[in-house]
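Notes follow the structure.
What you see below is based on every heavy atom in this structure, not just the backbone, and it leaves out hydrogens, waters and symmetry mates. Counting convention: from 1, in listed order, for ligands and their atoms alike.
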Amino acid sequence: MIIIGAKGHAKEVFDVLTIDAPDSFYFFDNVSADLEDSLFSYPILKTTEQARSQLKKNPDFILGLGNPFSRNKVYNLFLEYNGNPVSAIAKNAVVSKSAVLGKGLNIMPFAFVSADTFIGNGVLINAYASIHHDCKIGEFAEISPGAKVLGNCEIGAFTTIGANATILPKLKVGKNVTIGAGAVITKDIEDNAVVIGVPGKIIKYNVPKI
Ligand SMILES: CC(C)(COP(=O)(O)OP(=O)(O)OC[C@H]1O[C@@H](n2cnc3c(N)ncnc32)[C@H](O)[C@@H]1OP(=O)(O)O)[C@@H](O)C(=O)NCCC(=O)NCCS
């Protein structure tokens with residue numbers, strides 16, 4: 001089993017895992033220059049060759065990065081290496097039986113995923129965030145700690161909802177959007193927008209990447 005990442009979010013993901021065979025456990029980070037050789041006594045793989053060889057022994061991997069585009073990049077790479085994306089779901093998260101869950105999710109402690117929701121592949125729902133009934137969360141979106149997506153909303157792929165932000169019911173937030181921490185979104189938001197404040201206002205646009 002490999003956790004992708006060896007920094008802050010990877011540490012948090014590590015804590016929500018319950019692994020039966022810790023001897024075969026690794027972190028992977030091929031971009032950071034400032035890493036030790038191990039984290040929590042488990043080796044850090046630093047090259048794609050090492051990761052590829054480990055995936056041949058055990059194809060399971062878990063995302064441990066926060067940024068949607070970084071998550072997607074390594075997810076796709078590991079799929080090419082015949083890896084198998086596994087979800088990390090905290091024991092104390094509440095996930096409805098009627099939620100449709102994609103692959104490779106991070107659902108962190110105290111998160112709430114309500115009824116008839118659809119959660120795309122690679123989504124991160126961070127600690128204390130809540131996704132209410134009938135919401136659809138696009139692939140690799142990042143729902144930050146304490147954010148609330150109220151009922152019947154649609155959040156686009158690769159969008160980040162900042163910590164403690166609130167998306168009011170029945171709204172559509174586009175792709176590659178950044179919602180600032182603490183914002184309250186009261187209207188639909190177009191693709192690539194960066195939004196802050198209460199009520200949320202667009203201050204600029206992200207470079208379109210998808
Ligand atoms: C919205 C955000 C993306 C803007 O980041 P940025 O592009 O680097 O913008 P800056 O920090 O240069 O701020 C631009 C202006 O917006 C203000 N601002 C930034 N974030 C704000 C926020 N969340 N709410 C209100 N105002 C905010 C700044 O004070 C600054 O104002 P000024 O021009 O009057 O000085 C960022 O501040 C943010 O809120 N990110 C979410 C972080 C988060 O929740 N992370 C979770 C990790 S688990």
Practice task
Might you point out which heavy atoms bring Ile167 and Cys153 nearest each other, and give the distance in Å?
Solution key: CG2-SG, 3.8 Å
Practice task
Let me know which of Ile185, Asn192, Asp191, Thr186 forms a side chain to side chain contact (heavy atoms under 4.5 Å, CB included) with Ile189.
Solution key: Ile185
List below, pair by pair, the N or O atoms of ligand 1 and of the protein that are less than 3.5 Å apart, including the distance to 0.1 Å; reply 'none' if no pair qualifies.
from     : atom 1 : to     : atom 2 : distance (Å)
ligand 1 : 7 (O)  : Lys204 : NZ     : 2.5
ligand 1 : 23 (N) : Ala181 : N      : 3.2
ligand 1 : 23 (N) : Ala181 : O      : 2.9
ligand 1 : 39 (O) : Ala181 : N      : 2.9
ligand 1 : 44 (O) : Ala163 : N      : 2.7

Handout entry: Selection residues 33-57 - residue pairs positive for salt bridge (Lys or Arg N to Asp or Glu O under 4.0 Å), sequence neighbours left out
Key = Lys7-Asp34, Asp37-Lys46
Problem - No-hydrogen, no-angle side-chain donor-acceptor test under 3.5 Å, Asn206 and Thr178 - result: yes
Handout entry: Whichever hydrophobic residues join Val31 through chains of side-chain contacts under 4.5 Å
Key = none
Side-chain atoms of residues 117-144: list all donor-acceptor pairs with protein atoms under 3.5 Å, sequence neighbours left out, distances to 0.1 Å.
from   : atom 1 : to     : atom 2 : distance (Å)
Thr117 : OG1    : Ser114 : O      : 2.8
Asn121 : OD1    : Lys103 : N      : 2.7
Glu142 : OE1    : Thr160 : OG1    : 3.1
Ser144 : OG     : Ile161 : O      : 2.9

